[in-house]
Amino acid sequence: MNFDLNDEQQEIRTTARSLLAVRGNELDWKELCELGWPGIAVAEKDGGLGLGLVELAILAEELGRACGGAPFLGSVLASLVIGKAGSESQREHWLPQLVGGEMLGALAIRNEPSLIPDAAPGRLLVLANGDGTAELFPGGPVEAVDAVDLRRRHGLFDDPGGEGDHLDVDPGAAIAAAMVVVAAELVGLCRRALEATVAYVRDRRQFDVPIGSFQAVQHTAAQMLRDTEAAAIATYYAAWIGDNRSDGFETAASMAKALASDAGRSVTASAIQLHGGIGFTWEEDLHWLFKRAQVGAIYLGGSGAHRAGVARRLAASASK
Amino acid sequence: MDLTLSDADEQFRAQLRAWFSANASGDEPVGDEDGHFEWRRRWQRKLHEGGWSGIDWPTDYGGRGATLTQSAIFFEELGHAGAPLPGNIIGLMLSGPTIMTWGTRDQKDRYLPPILAADEIWCQGFSEPDAGSDLASLKTRAVRDGNEWVVTGQKVWTSFAQYSDWCILLARTDPDAPKHEGITYFLMDMEQPGIELVPLKQMTGESEFNEMFLDGVRFSDDRVLGGVGNGWKVAMTTLMNERAGLGFFLQVRLRQLVDRLLLEAEQRGRLKDDAVAERLGDLHCRTEALRLLAWKGLTAIERHGQPGPEGSLTKWLWSETNQMLTQSSVDVLGAEALTQGTAWPWSFELLRARGNTIEGGTTEILKNIVAQRVLGLPRSR
């Protein structure tokens, strides 16, 4: 048993992290597409790199850490669903455009009271109806919204009335994969918040000592680490299950989303608290982490719904 | 990443499972503490005869020489089988490995074989009334008299002292030295004058622990382990061993209780209540995270020779989750979880769980350790 990333996965992480660091966490979308990132988990025949969910999660985590404006999340989620549930002609038509970045995409769940990250008029919208069906809306029937997270565009589904272009098969497993990607982004937000906080409390002095020497501060930081590590391991476990197993993926994905949703909120909030007044300012980047975590935490199901779903699914299969 | 076990480890698990199904531990005696301990001693003898005692001990010392992974599998399967921990758990997990590291040839030959066979039971004399989390402030004194030591003081929380033949004892041999340097680690014979045991009744009503009063207890110089004044370093070997394999056993027990509570909730129609379903789902998520963190920590030691950050997180997460679980049982089961002597001992677990966040490192101390050793924050004041 080995939880370490393999050499290739490690290389993806290192490359992404160092490139984002050099560019001050903001990568140009064109450059990102040239690197092939939007197609990392898209099959090679559809123009992608043909890697798995683990590799996609690595990139989502790194871009989450960077918390920039590139419309990566929406496009990869749309590609995941089309790739796993679309017909051959739907895949052939849409995936190369999404991978190349000429078309941008987004994923929504019908009736979910959540903002849709990266959704905008004119972009491709994949809508899962929650009943085992999903449809494509090329015109992007969404109402643009100025969300708290201003670094990314958001929309709300604006029902055009007619039906979209239906996908071939039940998108359940693809939606589960999408949850894992969102969880990975949340883990990235947590990691950045934790690192910034550790650096700050070691440096900031009050009462003639670093505030990081106070136990009240240490215990909050320790809790941030535990929440982050639990969310991270659940996320990569789910990604691995998605790539290697047919059973148990949806439960593992729900578990990852539940833990990462809660960690995203609490870890970014604690980061603001431990930074004190400076953490509450616009200049300090922490508020962007907090804001993005807020959107991610309820998108594709909040922690409460996922936990309840997990409990009911387990009980149902145990009593069979 | 590869979250599968190797073929050899899968075979090991299958072999173990077959052995456990052919060799049951028998019914757990309820409400009889002495009978309960004897049950666990018999169980260890059975394990020993089957070649499963001292699973992680090197073969040179009569153990099975299993890898860390196999040792973890052993404790998982022990939990799955519903079997208890071996009776001489302190001997197997704490005294034995410490003697292997620090003992002389004679000490190893003398003390190790009876530990494996459960012929000599061990207890741990570390904590004192004024030395809990701050263990190095211990006051029990050992004074040299010729080639003997004379020990006087008080220990507390000594589990199973009433069944023990030997005790790993920390005592202060140099009161003038800095507090970590004046301590010596002894192997103390429990069958001698001057040792008085007083059962310490816990909030569960049981007496798992004792107070141990030492008044002029004498033993010879060959009972020193690892050198006079070197006791703190020797004790660190013991404490590093404390949380290893046990975690896998506890994690499986937690899993069984979560599954059991889920089933009860389903049968009583309680999962229709969103709050109950969410809470039980949370318990599942935490228990899974714990299992994964435990395995990640173990494989990090195997692959890199040192644990990752997760090693410091599992005991904290386990103890808190076990408390949440037992507290939730009251919401799911109502009166039954607060009534003694029911088929499934929820009321006992509810009370016993309160000790989990205190024993073997309080949650507060564990958080300090995580902050200082994993996150690298400055020493606290």
Side-chain angles (χ1 to χ4, degrees), chain A residues 1-6 9 54 194 197-198 201-202 207 209-226 228-231 233-234 236-237 239-241 243-245 251-252 254-256 258-259 262 303-316 318-319, chain B residues 1-6 9 69 72 258-259 262-263 265-267 271-286 288-290 292-293 295-300 302-304 308-310 312-313 316-317 363-364 366-372 374-381:
Chain A
M1 200 180 283
N2 178 12
F3 286 84
D4 296 346
L5 298 178
N6 66 28
Q9 293 163 343
V54 171
L194 177 59
T197 301
V198 167
V201 302
R202 287 168 71 153
F207 306 102
V209 293
I211 62 169
S213 65
F214 299 128
Q215 292 196 22
V217 170
Q218 294 192 346
H219 288 191
T220 300
Q223 184 73 52
M224 292 167 75
L225 176 76
R226 198 185 84 177
T228 302
E229 291 294 338
I233 201 163
Y236 283 92
Y237 170 72
W240 186 86
I241 294 281
D243 284 340
N244 294 281
R245 292 282 182 272
T251 298
S254 275
M255 183 178 110
L259 286 166
D262 285 352
S303 62
H306 280 295
R307 286 184 187 138
V310 162
R312 288 171 180 141
R313 205 176 306 151
L314 288 173
S319 58
Chain B
M1 286 178 80
D2 179 8
L3 305 187
T4 52
L5 290 172
S6 70
D9 289 341
T69 289
V258 171
D259 289 348
L262 259 169
L263 199 65
E266 166 81 352
Q267 285 165 355
L271 287 180
K272 291 186 199 100
D273 182 339
D274 280 343
V276 172
E278 283 181 27
R279 173 49 71 97
L280 294 185
D282 189 26
L283 288 167
H284 167 78
C285 292
R286 285 165 161 267
E288 269 294 274
L290 182 65
L292 294 166
L293 288 172
W295 274 108
K296 190 176 179 210
L298 184 101
T299 51
E302 246 172 3
R303 303 182 67 81
H304 309 299
E310 52 286 324
S312 316
L313 301 173
W316 171 20
L317 181 59
T363 295
E364 288 74 15
L366 294 176
K367 288 182 185 177
N368 288 354
I369 291 173
V370 169
Q372 291 166 31
V374 182
L375 294 176
L377 298 185
R379 274 192 76 81
S380 60
R381 346 184 284 149

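Numbered from 1 within each chain, the chains take letters A, B, ... in sequence-line order. Remember, predicted model here, so these are calculated numbers, not experimental data.
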Exercise. If you tally heavy-atom pairs under 4.5 Å against chain A, which of B/V374, B/L263, B/L317, B/L280 wins?
Worked result: B/L317
Exercise. Any idea which heavy atoms bring A/A221 and B/L375 closest together, and the distance?
Worked result: O-CD1, 3.5 Å
Exercise. Roughly how far apart are B/L313 CG and A/I233 CD1, rounded to 0.5 Å?
Worked result: 10.0 Å
Problem set entry | Any side-chain heavy-atom pair of B/L292 and A/Y236 under 4.5 Å | no
Exercise. Any sub-3.5 Å donor-acceptor pair from A/Q218's side-chain atoms to B/P378's backbone N or O?
Worked result: yes
Exercise. Is any side-chain heavy atom of A/D4 closer than 4.5 Å to a side-chain heavy atom of B/H304?
Worked result: yes
Seminar exercise, completed: Between A/M255 and B/A289 the two heavy atoms that sit nearest each other are CE-N, 4.5 Å
For this session: Answer yes or no: is there a side-chain heavy-atom contact under 4.5 Å between A/M1 and B/T69?
Result: no
Problem set entry | Under 4.5 Å from any heavy atom of chain A - which part of B/R286 | side chain
Exercise. What part of A/Q223 is in contact with chain B, defined as an atom under 4.5 angstrom from a non-hydrogen atom: side chain, backbone, both or neither?
Worked result: both
Seminar exercise, completed: Ranked by heavy-atom pairs below 4.5 Å to chain B, first place among A/E229, A/R245, A/R226 goes to A/R226
Problem set entry | Residue pair A/W240 / B/T4, side-chain heavy-atom distance below 4.5 Å | yes
For this session: Taking all non-hydrogen atoms of both residues into account, name the closest pair between B/D274 and A/R312 and its distance.
Result: OD1-NH2, 2.7 Å
For this session: Find out whether B/M1 and A/V54 are in side-chain contact, i.e. whether some heavy atom of one side chain is under 4.5 Å from a heavy atom of the other.
Result: yes
Exercise. Taking all atoms of both residues into account, what is the closest heavy-atom pair of A/N2 and B/L3, and its distance?
Worked result: O-CD2, 3.7 Å
Problem set entry | Side-chain heavy atoms of A/T251 within contact of B/H284, under 4.5 Å | yes
For this session: Please report the closest heavy-atom contact between B/C285 and A/A258, naming both atoms and the distance.
Result: SG-CB, 4.4 Å
Exercise. Under 3.5 Å, is there a donor-acceptor pair between the side chain of A/H219 and the main chain of B/E364?
Worked result: yes
For this session: Answer with side chain, backbone, both or neither: which region of A/L5 has an atom nearer than 4.5 Å to a non-hydrogen atom of chain B?
Result: both
For this session: Rounded to the nearest 0.5 Å, what's the gap from CG on B/L377 to CZ on A/F214? Could you check?
Result: 12.0 Å
Seminar exercise, completed: Max heavy-atom pairs within cutoff under 4.5 Å with chain A, candidates B/Q372, B/K272, B/R303, goes to B/R303
Exercise. Could you state the interatomic distance from NZ (B/K367) to CG (A/L225), rounded to the nearest 0.5 Å?
Worked result: 12.5 Å
Problem set entry | Shortest non-hydrogen separation from A/A315 to B/L271 and the atoms involved | CB-CD1, 3.3 Å
Problem set entry | Contact origin within A/V201 toward chain B - heavy atom pairs under 4.5 Å | side chain
Exercise. Looking at CG of A/N6 and CG of B/D2, how far apart are the two atoms once the value is rounded to the nearest 0.5 Å?
Worked result: 10.0 Å
Exercise. What option among B/Q267, B/K296, B/E266 has the most heavy-atom pairs under 4.5 Å with chain A?
Worked result: B/K296
